[in-house]
Structures are given as C-alpha cells and as structure tokens.
2 protein chains.
Amino acid sequence: MAGAHTGAMDLVVWRTFVTVCRLGSLSAAAAELHHTQSAVSRQIAGLERQLGVPLVERHARGVRPTPAGEAFRRHAQATLAEADRAVRAAREAGDGGAVRPLAVGATPSLAAQIVPAAVRGVLEAAGPVRWSLLPALSGQLHARVAAGDLDVGVVTDAPPGLPQDARVERRFLGLDEMVVVLPVGHPLAGPGPLPIAALAGRTWAEDNEGSAALLRRHAARAGVTARVDLAAADLPGKLALVATGHAVALVPGVLRAALRADVTAVPLVDPPSRGVYAITPRREPHPYAALLLDRLAACAAEGGLAPAAGRPAGPLPAPRAAPAAGARAQTA
Amino acid sequence: MAGAHTGAMDLVVWRTFVTVCRLGSLSAAAAELHHTQSAVSRQIAGLERQLGVPLVERHARGVRPTPAGEAFRRHAQATLAEADRAVRAAREAGDGGAVRPLAVGATPSLAAQIVPAAVRGVLEAAGPVRWSLLPALSGQLHARVAAGDLDVGVVTDAPPGLPQDARVERRFLGLDEMVVVLPVGHPLAGPGPLPIAALAGRTWAEDNEGSAALLRRHAARAGVTARVDLAAADLPGKLALVATGHAVALVPGVLRAALRADVTAVPLVDPPSRGVYAITPRREPHPYAALLLDRLAACAAEGGLAPAAGRPAGPLPAPRAAPAAGARAQTA
DNA sequence: CGCCGGCCATGCGCGCCCTGCAGGGCAGCC
DNA sequence: GGCTGCCCTGCAGGGCGCGCATGGCCGGCG
C-alpha cells in the first residue's frame with residue numbers, strides 16, 4: 001500500500017494529455033474532445049504543476065512531449081487501459097455475470113442516427129452486450145422508462161414537453177436544430193444560414209403535425225407564413241416531394257447525414273430547435289446505462305447537436321466527463 | 001484506443017473505495033482519509049451510480065464488497081499502482097534523470113515534527129531522493145524560497161505575518177493551536193480544554209518573544225494577565241522549568257508528541273493559533289515539491305493541526321486531494 | 001423485549017474549481 | 001513586414017463536492 005497520494009488524479013485529464021500527445025496540438029485535442037483550447041491548456045498546465053515537471057514543449061506549430069511527458073504518456077495509457085478494465089470488470093460482475101439486455105428506446109429521428117452510433121461505442125467498450133431498440137414518441141418512451149420497461153430513453157422536449165417524474169433521471173444531450181431541405185440545385189441551396197423569410201411563399205411538405213406546428217410557429221415569429229400544402233406519410237415520402245421539386249421541408253438536424261443524395265440541407269438563422277434528453281429510471285438502472293449516456297453525449301456532440309446555446313433557460317449541461325460538448329473549438 | 005470514456009474517473013474516489021474495502025467501514029475509511037463519513041458515503045454512492053452496479057452491501061455493522069465490488073477493487077488497485085508508476089516515471093524523467101536535491105526549510109517546531117514525517121512519505125513514494133533541511137524563522141525562509149534557494153518552506157503566519165510575494169506559491173496546511181504544558185500530576189492536568197483564566201497568576205516561562213507576545217495577547221483577551229517571569233534559551237530549557245515545577249508554558253500543539261515524559265500538554269479553550277503554510281517558488285518548482293506538499297498536508301492533519309476552523313477569514317483549505325484534513329470524523 | 005449505540009443515508013448551504021469567453025503575445029510563413 | 005495560427009491568461013458564471021446536521025436502520029445488551 002504505497003499510495004503516492006499525489007493529488008487529484010482525474011483520469012479525464014490524463015486522457016486529455018494522451019490525446020494531446022497523439023495529435024501534437026492542444027487545439028486539435030480540444031476539438032476532438034469537444035472542449036475549448038483554453039480548457040485543454042489549463043488541464044495540461046495543471047498536470048505539469050502537479051507533477052512538477054514540464055510535459056510538453058510549447059512550439060509555435062503545436063506541442064511536442066518532453067522526455068518526461070513521453071514516459072508519463074506510456075504509463076498513463078497503461079493506467080487508462082487498466083481503469084477501463086476495472087470499470088468493465090465491475091459491470092460484468094454486476095448482475096452475477098448475466099447482464100440483462102439493454103432496452104433502449106428513442107424517437108424515430110434519433111433512433112436513425114445517434115443512438116446506433118452510441119450503442120456501437122458501448123459494444124466496443126464493454127464487449128458483447130445484448131440490446132434492443134424501440135422507436136416511439138417521447139411521451140410513450142417516458143412512460144415506459146418510468147415503469148422500468150426501458151433502461152434508456154432518448155427523447156425530445158418537442159411540442160408537449162417532457163413530464164416531470166421523480167422516477168426518471170434526465171440528462172441533457174444537446175439541442176437539435178431543424179434544417180431546411182431543398183432539392184439539389186435549388187437557387188437558395190448553399191452553405192450559409194438562411195432566414196426563414198427567404199422561403200416565404202414556398203410550398204412546404206410535412207409528415208407530422210408536431211413538426212408542422214413547429215414550422216408555423218417559427219415562420220410566424222419571423223413575420224411570414226408557411227403554407228403546409230402537401231402531406232407525407234413519413235420521412236421518405238416527405239423527402240421525395242422535396243427531391244421532385246414539389247415542396248421544401250423542415251427536418252431535424254440530426255438527420256442531415258441520412259438524407260438522400262438529391263436533396264441538400266440548409267441551416268436556418270435562429271432555427272427552431274428541440275432539446276434532446278436521455279432518460280433513465282432511477283430505480284435499478286442498467287449497469288451499462290451510465291456508459292451509454294456518456295457515449296450518447298459524445299455522439300450527440302459529434303452528430304451536430306448544439307450545446308444548449310439557448311439563451312433563456314439553459315438546461316443542465318451534462319457532467320464534466322463530456323461537458324456538454326463545449327461549443328466547438330473557440331477558433332471556429 | 002478503446003477509451004471507454006466512462007465519466008469523471010477521479011482516482012481519489014477509487015482510492016477511497018479501496019480503503020473502504022480494506023477497512024470494511026465507511027466511517028473508518030473516512031477517519032483514515034481525513035474525510036467526513038458523509039463525503040465517503042457520497043463518493044461510494046457516486047461510484048456505484050457511475051458504474052451502474054452496487055459495489056458494497058450496506059450492513060448495520062459496516063459494509064462488505066459485493067462480487068462486482070471485489071472485482072472492481074482488484075483492478076482499481078492495479079490502476080492505482082500503475083498511476084503511481086506513471087507519476088513516478090514522469091518525475092524521474094523530469095530533470096533528465098538527475099533530480100537535484102530537494103531543499104526544504106522549516107521553522108524549528110515544524111522541522112521537529114511534521115516535516116521529517118512528510119519527507120519520509122516522499123521517500124517511500126518516490127524512492128531515494130537526496131534532500132536537506134534548513135531550520136530558520138519564517139521570514140528568512142520566505143526570502144530564500146522567493147530567491148529560489150529553497151524548494152519548499154514550511155512556515156507560520158505567527159506575529160509579523162507572511163509577506164505577499166508573487167514569486168511564491170502558498171498553500172495552507174492547517175492551524176497550529178498552542179497548548180499549555182504542565183508538570184505531570186499538576187492539579188489542572190487533565191484531558192479537557194482549559195480556560196486560560198484558570199491559569200491566571202501562574203508563573204510562565206518563555207524562550208521566545210514572539211511566543212510570549214502571543215501568550216500575553218491571549219490572556220488579555222480573556223481579561224487576565226500572564227506574568228512571564230522566567231526566560232529560557234530554547235524549548236528544552238523551557239520544558240525543564242516546567243518539569244521542575246517552576247512555571248507553566250505555552251508550546252505549539254505540533255510539539256505535543258515530542259515533549260518529555262514528565263510534563264503533560266493540555267489544550268486551551270479558544271487557543272491562540274498560528275496558520276501553518278507550505279511555500280514554494282513559482283519559478284521552476286522542484287519535481288517533488290508538489291508531492292511533498294501533499295504529504296505535508298496529510299501529516300499536518302495526522303499531526304493534530306486543525307483545519308482552519310478559524311471563523312474570521314478561513315484561508316485556502318488546501319486542494320481536494322487531501323482536503324484540509326476535514327475536521328476529524330464527525331463522530332468525534 | 002425494549003433501550004441504546006453505532007453506522008449509513010440525505011437535505012441544506014457554502015465555497016472551490018473548472019469552464020467558456022475575450023484579449024494578448026509570439027513564432028513561422030508568404 | 002504583415003499575416004495567420006497557436007498558445008497563455010484575466011474575468012465571470014455555474015456545477016458539484018464537501019461539511020454539517022438530522023433521520024432511519026440494525027444488532028447488541030441488559
């Protein structure tokens with residue numbers, strides 16, 4: 001029991017340092033870890049102060065580990081690997097070795113994008129875990145999580161909002177900003193954010209009354225009206241109407257990567273947005289639920305969800321491990 | 001690069017868990033780690049929530065690790081050991097393998113007790129490190145630290161107080177409360193705190209004008225006067241006067257364990273106290289300075305220094321690694 | 001069988017620390 | 001020589017971990 005007792009020893013900082021070494025740049029590491037360069041700089045500085053040894057040489061073109069930094073990095077990687085094993089061993093030994101399948105529910109748009117990616121991360125980190133995915137609306141998912149039928153629900157606070165329930169734990173994942181979908185080659189198709197007024201008078205297609213209401217409210221706020229003249233049964237139907245030039249449409253930003261090739265997505269200025277949350281039952285959470293939540297936060301950030309920039313009542317910005325996916329690198 | 005990315009992962013919490021397992025009790029672990037039982041309880045609960053698995057069975061007579069907890073403990077110990085190796089490797093590689101001797105300075109009373117113990121801890125954790133100890137008064141030590149001659153100074157804010165200097169980093173270690181030394185068998189000798197008024201009219205011995213001033217001020221605050229009639233050249237001389245029944249004396253609490261057997265120390269109610277600080281140069285700190293500071297904080301707590309209970313302007317209560325030696329276990 | 005003592009959990013406030021933001025300095029590069 | 005990219009740092013805000021106090025629970029003992 002030597003126990004060097006060397007101070008805080010937050011492994012998150014160690015992981016940051018390893019990333020910095022791998023990328024050779026504080027800024028790059030910050031971007032990859034969804035922090036600001038400032039935070040990474042301070043973390044490394046704090047580590048150096050704690051160890052009493054410079055770990056990186058500051059270069060104008062980036063940083064390079066010192067010999068001490070290189071030695072530390074090797075052991076730090078081993079430490080991180082062992083820590084992962086520790087977490088894994090605890091979780092596997094959790095329910096007597098037989099982990100029950102992880103029951104995940106998500107709204108259709110989220111089930112189509114970030115949820116599978118996050119579960120993949122869990123499988124990579126935890127080995128083979130049986131799981132199931134149930135697409136449903138937020139309200140239904142909430143009820144099933146509260147009842148304990150679902151281990152994790154990925155929901156939005158869209159029109160009706162999420163109910164308050166002491167039985168469920170809620171964690172904010174990010175803000176899903178709606179984007180406009182236009183046919184390829186449309187005159188307004190471009191990279192820049194578009195004011196909704198530029199689309200006044202266009203014919204809109206919708207497949208969902210909630211989405212249509214969101215569109216109307218947003219347009220009204222800008223002083224224009226949006227005529228929803230075409231109805232579709234589902235997302236493919238809606239996109240077909242767009243691709244054939246009959247209408248334009250509003251879709252959740254998370255689906256941007258899942259669109260067909262003959263349409264393009266254009267962001268809006270001050271877009272309508274829905275908060276995305278992961279909910280878990282407070283009673284008997286699944287051993288891997290916390291892990292999945294972390295992966296969800298990471299995937300949400302990488303998948304383009306905004307970090308709660310909403311100025312009114314910014315909800316809980318997620319714990320420090322994956323801190324709300326800090327607004328890109330500040331250099332952006 | 002798996003990177004389970006499982007949340008905060010503060011190794012301090014892991015160490016707490018290992019200690020809890022070893023002692024089989026949250027309260028006992030709290031006492032050993034100088035935390036409150038509350039903090040340990042929350043740390044373990046947080047760890048369980050993070051892992052999604054119960055780690056200990058709460059028993060009325062203590063706690064016992066679950067199978068998952070036992071599995072986790074094994075890997076956690078390995079992780080802690082590897083982390084220690086990482087820190088050590090970085091420090092050893094620090095100055096190109098040749099670490100310069102650690103120059104420590106301390107006031108005589110502190111040099112006699114907590115400093116050697118703390119350095120012993122450093123040697124155990126870091127292997128053979130050459131070091132030197134310079135006893136001197138706080139002001140001189142401060143100057144030498146500022147100049148870079150000393151790597152670590154252990155000083156008090158006694159009469160003149162510590163100067164402000166941007167070149168030195170200051171860390172609060174604890175409050176050294178003065179105690180009264182009486183001959184063994186003295187009618188007032190007992191465990192309980194003694195009001196200074198009970199000693200009004202006694203003859204006091206002092207070896208140091210600063211200490212005498214402290215005594216007079218404390219007595220005056222209680223409305224009595226302390227006659228310092230006997231002077232001694234040093235601490236042994238002062239204690240000799242006490243042991244032979246000629247006088248009573250005030251000594252720093254840290255020296256309690258170093259007194260001769262024929263005198264006893266009795267605490268005072270609302271005793272005069274001196275803040276104890278570790279100071280280090282901001283420029284080029286010694287690689288092991290931070291480690292020594294942590295050990296100093298631990299030894300200060302174990303050596304009986306009070307954790308800044310001073311109600312007026314509680315100075316910085318030391319970082320979270322060894323958090324100011326939280327006021328004993330609350331059960332005390 | 002009832003009282004008691006020890007142990008752990010939890011609501012409440014406070015304070016630290018980490019973070020994001022904005023500005024500055026410095027070194028390559030065209 | 002100006003510019004650009006990278007890193008450092010003062011400032012302010014907020015999360016959260018801690019200490020404190022209280023409550024519930026169980027086992028032991030008279």
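The structure displayed is predicted, hence computed values, not measured ones. Each chain gets a letter, A, B and so on, in the order the sequences are listed, and its residues count up from 1. Both backbone and side-chain heavy atoms feed into the values below; hydrogens, waters and symmetry mates do not.
Of the possible donor and acceptor atoms, one in the side chain of Thr66(A) sits under 3.5 Å from a partner among the backbone N and O of Leu55(A). Between the Glu177(B) side chain and the Leu268(B) main chain, no donor and acceptor come within less than 3.5 Å of each other. At distances below 3.5 Å, not a single donor-acceptor pair connects side-chain atoms of Arg64(A) with backbone N or O atoms of Gly62(A). Judged by distance alone, the side chain of Glu48(B) and the main-chain N or O of Val56(B) form a donor-acceptor pair under 3.5 Å.
OP1 and OP2 of dT9(D) both lie 4.0 Å or more from every side-chain N or O belonging to Ser38(A). Proximity of Arg58(A) to the phosphate of dC8(D): a side-chain N or O atom is located under 4.0 Å from OP1 or OP2. Put simply, Gln37(B) has no side-chain N or O that comes within less than 4.0 Å of OP1 or OP2 on dG6(C). At least one side-chain nitrogen or oxygen of Ser41(B) sits closer than 4.0 Å to the OP1 or OP2 atom of dA9(C).
Atom CD in Glu57(A) sits about 14 Å away from atom P in dC7(D), given to the nearest Å. Counting to the nearest Å, the C1' atom of dC16(C) and the CZ atom of Arg171(B) are 14 Å from each other. Between Leu33(A) atom CG and dT19(C) atom C1' the separation is 14 Å, expressed in whole Å. Between the CG atom of Leu26(B) and the P atom of dG24(D) there is a distance of 20 Å, given to the nearest Å. Here the C1' atom of nucleotide dC18(C) and the CG atom of Asp10(B) are 13 Å apart, to the nearest Å. As rounded to whole Å, 17 Å separates atom P of dC26(D) from atom CZ of Arg64(B).
Nucleic acid contact class of Gly62(A) (heavy atoms, under 4.0 Å, all strands): sugar-phosphate only. If you check every strand for non-hydrogen atoms under 4.0 Å, Arg61(A) touches nothing.
Between Ala45(A) and Ala39(B), it is Ala45(A) whose nearest contact on DNA chain D lies nearer the 5' terminus. Nucleotides of DNA chain C nearest to Ala60(A) and Arg42(A) differ in position, and the one nearer the 5' end is that of Arg42(A).
Considering all non-hydrogen atoms of both residues, Gln50(A) and Met9(A) come closest at NE2-N, 3.7 Å.
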